[in-house]
Amino acid sequence: MKKCFMLLPLLALAAPVAAQHVEIAGRAGLGLFRFGGRDAASNSFVLYQGNGAGGEGYVNDPYGSRVGMGLALGGRVQRVGSRNGLLTFDLGYEWLRSRTNVNRLLYSPSMYSSFIGTYSADGSAALQSKNLTAFLGLGHRIKGSLVEVDILAGPELAYIYGLREKGSGTYNGSEPWATNFSRSDEYRLDGRLRADITVWYHQLGANASYSYGLLNYQSGLKGANSEVYARILRLGLVYRLK
């Protein structure tokens, strides 16, 4: 009997540890991407030099404030504490697109020429971005009778690569224009703040998260003080493996 009483404190200490567990989950869904900041553009113009719209052109301000649709994938490891506290590490891959409308086309024979032809234009351009993300979240799980709700917040670090501008439309009535311009060597790391919520029904969940980027994508622009920052909303499904 004495030995049984001696075991009671050990069992009391072990109970919270036993209540803790680790979960592994995978997620997939849409990535809705746009740029924020005072210089994010809803409209811009496309510029060509040399061979007219048959040559290589680019959009003057491709950092569009209009939402584009992309893909967001990821996996996470999550520790659930004895009091439903959460510690989460999430790794993700994203292929994202922001959009801007094009309403003018400017043409110059060369960079040294004073002649600039201006034409009315229509169409749009997308700035495509590939991201590898790492998110460290702290939060809490709310348990209901039918569902569980995980609420998380924390820092996110994104490695940005494969930046490419692609656009198309018409100018001067019905003449086509198109751009396919690489901007992949301009930016690398973006520190972000992220909020994340998942509603679970057994093993399946619906997930939404929002990332607020802190990197100014135009910080290196000479002769200007422009500010544009990434804004990302993810909507998708998540499956809990264990």
Side-chain angles (χ1 to χ4, degrees), residues 30-72 94-132 158-192 211-233:
L30 299 177
L32 305 178
F33 178 43
R34 70 175 186 90
F35 283 95
R38 68 170 184 235
D39 297 295
S42 60
N43 299 289
S44 188
F45 62 87
V46 61
L47 177 64
Y48 282 90
Q49 289 180 341
N51 297 322
E56 177 147 350
Y58 62 91
V59 173
N60 182 65
D61 191 351
Y63 307 101
S65 62
R66 299 179 186 272
V67 174
M69 189 177 296
L71 176 69
E94 299 168 347
W95 181 82
L96 304 173
R97 302 165 70 244
S98 71
R99 292 177 52 253
T100 183
N101 285 351
V102 171
N103 53 23
R104 285 185 300 155
L105 184 144
L106 274 62
Y107 165 71
S108 175
S110 73
M111 63 182 298
Y112 306 106
S113 174
S114 60
F115 171 79
I116 297 178
T118 303
Y119 305 91
S120 62
D122 60 21
S124 65
L127 185 62
Q128 300 176 358
S129 172
K130 298 176 183 178
N131 298 345
L132 297 176
Y159 173 73
I160 304 164
Y161 69 102
L163 275 170
R164 178 170 289 275
E165 166 207 317
K166 297 186 74 172
S168 63
T170 61
Y171 75 102
N172 197 27
S174 60
E175 297 294 323
W177 66 266
T179 64
N180 190 348
F181 185 73
S182 174
R183 298 175 181 264
S184 61
D185 59 344
E186 295 186 20
Y187 312 106
R188 284 295 179 264
L189 293 176
D190 186 6
R192 301 168 178 168
S211 292
Y212 186 93
L214 303 177
L215 170 71
N216 181 5
Y217 277 60
Q218 289 193 318
S219 60
L221 189 63
K222 296 180 180 179
N225 187 26
S226 299
E227 293 184 4
V228 290
Y229 304 92
R231 305 288 186 257
I232 303 161
L233 175 65

Peer 1: Taking the side chain as C-beta and beyond, is there a heavy-atom pair between Phe181 and Arg164 under 4.5 Å?
Peer 2: no
Peer 1: Side-chain contact test, heavy atoms from C-beta onward, threshold under 4.5 Å: evaluate it for Asn60 versus Leu106 and give yes or no.
Peer 2: no
Peer 1: What pairs with Arg99 under side-chain hydrogen bond (donor to acceptor under 3.5 Å, both in side chains), at least two apart in sequence or on another chain?
Peer 2: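 Result, side-chain hydrogen bond (donor to acceptor under 3.5 Å, both in side chains) vs Arg99: none returned.
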Peer 1: How would you list, by chain and number, every residue that makes a side-chain contact (heavy atoms from CB on, under 4.5 Å) with Ser120, sequence neighbours excluded?
Peer 2: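 By the side-chain contact (heavy atoms from CB on, under 4.5 Å) rule, Ser120 matches no residue at all.
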Peer 1: Is the shortest heavy-atom distance from the side chain of Val102 to the side chain of Trp177 under 4.5 Å?
Peer 2: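 Yes, at least one pair of side-chain atoms sits under 4.5 Å.
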Peer 1: Does the cation-pi check pass for Arg188 over Tyr161, that is, NZ or CZ under 6.0 Å from the six-membered ring centre and within 45° of its axis?
Peer 2: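 Negative - Arg188 is either too far from the ring of Tyr161 or too far off its axis.
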Peer 1: Go through the structure and list residues passing side-chain hydrogen bond (donor to acceptor under 3.5 Å, both in side chains) with Thr179, not counting sequence neighbours.
Peer 2: Glu165
Peer 1: I need the minimum non-hydrogen distance between Pro62 and Ser98, along with the two atoms involved.
Peer 2: O-OG, 3.9 Å
Peer 1: Which residues pass the side-chain contact (heavy atoms from CB on, under 4.5 Å) test with Asn172, not counting sequence neighbours?
Peer 2: Tyr119
Peer 1: Give me the atom names and distance for the closest heavy-atom approach of Ser226 to Gln218.
Peer 2: CB-OE1, 2.9 Å
Peer 1: Enter the distance from Ser44:OG to Asp61:CG here, rounded to the nearest 0.5 Å.
Peer 2: 5.0 Å
Peer 1: Distance check, rounded to the nearest 0.5 Å: Phe33 atom CZ versus Leu233 atom CG?
Peer 2: 12.5 Å
Peer 1: The criterion is ring pair (Phe, Tyr, Trp, His ring centres under 6.0 Å); which residues satisfy it with Tyr229, sequence neighbours excluded?
Peer 2: none
Peer 1: Output the distance between atom CZ (Arg231) and atom CZ (Phe35), rounded to the nearest 0.5 Å.
Peer 2: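 Rounded to the nearest 0.5 Å, the CZ-CZ separation comes out at 10.0 Å.
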Peer 1: Output all residues satisfying side-chain hydrogen bond (donor to acceptor under 3.5 Å, both in side chains) with Tyr159, sequence neighbours left out; order by chain, then residue number.
Peer 2: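 Residues passing side-chain hydrogen bond (donor to acceptor under 3.5 Å, both in side chains) with Tyr159: none at all.
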Peer 1: Suppose the criterion is salt bridge (Lys or Arg N to Asp or Glu O under 4.0 Å): which pairs have a residue in residues 35-45, not counting sequence neighbours?
Peer 2: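 Sorted pair list: Arg38-Glu227.
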Peer 1: I'd like a table of donor-acceptor pairs (distance under 3.5 Å, sequence neighbours excluded) in which one partner is a side-chain atom from residues 121-130, with atom names and distances.
Peer 2:
| residue | atom | partner | partner atom | Å |
| --- | --- | --- | --- | --- |
| Asp122 | OD1 | Thr170 | N | 3.0 |
| Asp122 | OD1 | Thr170 | OG1 | 2.7 |
| Asp122 | OD2 | Thr170 | OG1 | 3.3 |
| Ser129 | OG | Asn131 | OD1 | 2.9 |

Peer 1: Can you name the residues that form a side-chain hydrogen bond (donor to acceptor under 3.5 Å, both in side chains) with Asp190, not counting sequence neighbours?
Peer 2: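 By the side-chain hydrogen bond (donor to acceptor under 3.5 Å, both in side chains) rule, Asp190 matches Arg192.
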Peer 1: Hey, could you give me the CD1/CZ distance between Ile232 and Arg34, rounded to the nearest 0.5 Å?
Peer 2: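 CZ of Arg34 is found 11.0 Å from CD1 of Ile232.
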Peer 1: Just to verify, what does Asn103 make a side-chain contact (heavy atoms from CB on, under 4.5 Å) with, not counting sequence neighbours?
Peer 2: Asn43
Peer 1: Atom CG in Leu214, atom CG in Leu189: separation rounded to 0.5 Å?
Peer 2: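 Going from CG on Leu214 over to CG on Leu189, the span is 12.5 Å.
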Peer 1: Any side-chain heavy atom of Thr100 sitting closer than 4.5 Å to one from Arg66?
Peer 2: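 The answer is no; the side chains never approach within 4.5 Å.
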Peer 1: For Leu71, give me all partners under side-chain contact (heavy atoms from CB on, under 4.5 Å), at least two apart in sequence or on another chain.
Peer 2: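 With sequence neighbours excluded, Leu71 shows a side-chain contact (heavy atoms from CB on, under 4.5 Å) to Leu73, given in chain and number order.
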Peer 1: Heavy atoms only: give me the nearest Tyr171-Pro176 pair and the separation to one decimal.
Peer 2: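 For Tyr171 versus Pro176, the nearest heavy atoms are CE2-O, 3.6 Å.
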Peer 1: Can you tell me how far the CG atom of Asn216 sits from the OH atom of Tyr63, to the nearest 0.5 Å?
Peer 2: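 Answer for the CG-OH pair, Asn216 versus Tyr63, is 9.5 Å.
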